[in-house]
Amino acid sequence: MPPFLRPPGVRSEKDLKARCVSCGCCAAVCNYACIEMTPDHIFFGGWTPKIFQRKSPCFLCMKCSAICPTGALRNVSMEESGMGVARLDRARCVDYRKNTGIMCWTCYERCPLKGKAIVLKKGYLPEVTEQCVGCGVCEFVCPVNVITVTPSRNLPGNGRGGRV
Amino acid sequence: MKCLPLSIRPFRRTTQAGVALLFVLVPVLNRMDITALSGNFLFFNVAGIPLADPLSVLQAAAGAFSVTQAMCVGAGFALLLALAMGPVFCSWVCPYGLFSELARALGAKRASVAPFPRRASFAPKLLIVCAGLLALFLCAPAPLLNQLSMPGWYSRALQHAVFYREALAPALVIPALLVAEFLSGRRFWCLYLCPQSVLVSVAGAMLPGRLRVRFSGKSCTCANLERSCREHCSLGLDPRLAGIKQRLQCSNCGDCVDACRKKGRALRFSFGKDV
């Protein structure tokens with residue numbers, strides 16, 4: 001299965017799987033059709049919501065977490081989405097390389113939490129901050145594929161605001 | 001001259017077909033950004049009012065040790081309906097019930113199945129629910145019994161087809177079951193296996209005075225061996241009997257009332273105690 005994120009407001013992986021009844025309300029209200037209901041396990045898994053950020057990332061419209069009837073997704077603000085954390089590989093980022101003559105800033109410009117989750121260090125170098133919620137937009141738009149989002153379930157403490 | 005009471009079946013078929021069609025339309029409307037209706041047969045949202053399959057709610061609550069307001073309201077509505085009117089979901093709403101009835105009717109004609117189907121049995125369903133809940137506590141990562149919801153697969157397959165333009169392979173279990181029911185002329189899924197009907201059936205059996213078919217011996221004009229009402233019951237029940245077994249298994253479809261309406265009209269829907 002390609003890398004995927006859980007929708008905003010996600011609880012721990014175990015809690016999500018226990019609470020989700022596969023109703024698909026989150027996928028139905030998603031403005032960008034980025035939530036897919038797919039099985040977690042071929043035989044025993046429920047059909048839970050996933051966001052394949054390289055196909056279609058989350059733009060944090062927050063409709064899914066507001067409608068989830070079983071509380072598998074918490075109704076939270078954009079800043080508390082807790083989907084994961086983005087990592088930027090500075091060694092490969094064109095903004096950090098010298099003498100390229102390029103000011104890309106695509107990740108900064110497209111970030112739904114522009115100026116909070118991604119800021120411009122020294123006014124021109126994009127940097128992911130502690131406020132990143134891991135929506136996956138930067139990974140999706142990066143023209144040189146140097147951003148990777150680590151889902152909250154793979155972070156210490158299984159997400160819930162945990163940071164590397 | 002007495003005029004015949006209206007037949008129930010056309011109303012029931014219209015309701016069943018309307019619900020089946022609604023779940024075709026819901027994902028289409030969702031993709032048109034009309035989201036007042038969303039969800040499927042496991043949990044449905046009607047302009048903010050939740051409606052839920054009580055078994056899916058029970059599993060989510062047992063798995064997470066917590067409930068939300070929407071879960072209580074959604075499951076509560078379904079259980080209250082069953083408490084007052086019996087498991088009418090099975091006979092008036094469930095799209096699988098509609099397809100199963102049609103498959104059985106066609107199959108019974110083709111295979112010349114004995115006129116009295118086998119008696120419905122509640123025990124296997126109860127066993128499946130208990131096993132599913134036990135597995136949930138012991139090892140299962142997710143609500144397993146939701147995978148046995150045929151209306152759930154029906155609506156999820158439609159969601160999948162509209163949202164992702166893909167066929168949902170596990171939903172092929174529905175045509176497979178229907179073919180089996182057509183060939184056997186028996187509604188064995190609804191009779192013996194469907195776990196989703198257990199909680200509503202139990203709720204429906206709680207109140208003896210809830211809406212159900214009641215038999216008046218004085219009006220019955222059938223001879224002993226003539227049992228038109230029982231022949232018409234797709235679940236193989238004898239509508240002339242009362243008791244807990246009837247209350248658990250009868251889904252108030254009204255086919256027996258229809259069969260009796262041209263005879264003595266000994267079977268009628270009513271609230272209250274048995275005659």
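Atoms considered below: every heavy atom in the structure, side chains included; atoms not considered: hydrogens, waters and symmetry mates. Chain A is the first sequence line, chain B the second, and so forth, proteins listed ahead of strands; every chain is numbered from 1.
The heavy-atom pair separating B:Pro143 from A:Ala18 by the smallest distance is CG-O, 3.9 Å. Residue A:Ala28 comes nearest to B:Ser38 through the heavy atom pair CB-CB, 3.9 Å, listed as atom of the first residue, atom of the second, then distance. The two residues A:Arg19 and B:Ala64 make their nearest non-hydrogen contact at CG-CB, 3.4 Å.
Taking non-hydrogen atoms and a 4.5 Å limit, the residue list of residues 70-94 of chain B in contact with chain A, ordered by number, reads B:Ala70, B:Met71. Contacts between residues 27-35 of chain B and chain A, defined by a heavy-atom separation under 4.5 Å, are made by B:Asn30, B:Arg31, B:Thr35.
You'll find the side chain of B:Gln147 reaches within 4.5 Å of the side chain of A:Trp47, heavy atoms only. The side-chain heavy atoms of B:Asn146 and A:Val21, taken from C-beta on, include a pair separated by under 4.5 Å. Within the 4.5 Å cutoff, the side chain of B:Tyr164 has heavy atoms near those of the A:Met37 side chain.
Only the side chain of B:Leu168 comes within contact range of chain A, with at least one heavy atom under 4.5 Å from a heavy atom of that chain. Looking at A:Cys20, the atoms closer than 4.5 Å to chain B (heavy atoms on both sides) all sit in the backbone: N, CA, C or O. Proximity to chain B (any heavy atom under 4.5 Å) is shown, for A:Leu16, by neither the backbone nor the side chain.
Annotation for B:Arg210: atom CZ counts as buried by contact number, over 12 foreign heavy atoms lying within 6.0 Å.
Side-chain N or O atoms of B:Thr68 include one that pairs as donor or acceptor with a backbone N or O of A:Pro69 at under 3.5 Å. In this structure, the side chain of B:Asn40 engages the main chain of A:Ser22 through a donor-acceptor pair within 3.5 Å.
In this structure, B:His160 NE2 and A:Thr38 OG1 are separated by 8.0 Å, a value rounded to the nearest 0.5 Å. Distance check, rounded to the nearest 0.5 Å: SG of A:Cys23 to CZ of B:Phe44 gives 10.5 Å.
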Quiz: residues 113-120 of chain A side-chain donor-acceptor pairs under 3.5 angstrom, not counting sequence neighbours:
from     : atom 1 : to       : atom 2 : distance (Å)
A:Lys114 : NZ     : A:Glu109 : OE1    : 2.9
A:Lys116 : NZ     : A:Glu79  : OE2    : 3.0

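Identified under the ring-ring contact (aromatic ring centres under 6.0 Å, His included) test for residues 53-81 of chain A, with sequence neighbours left out: A:Tyr32-A:Phe59.
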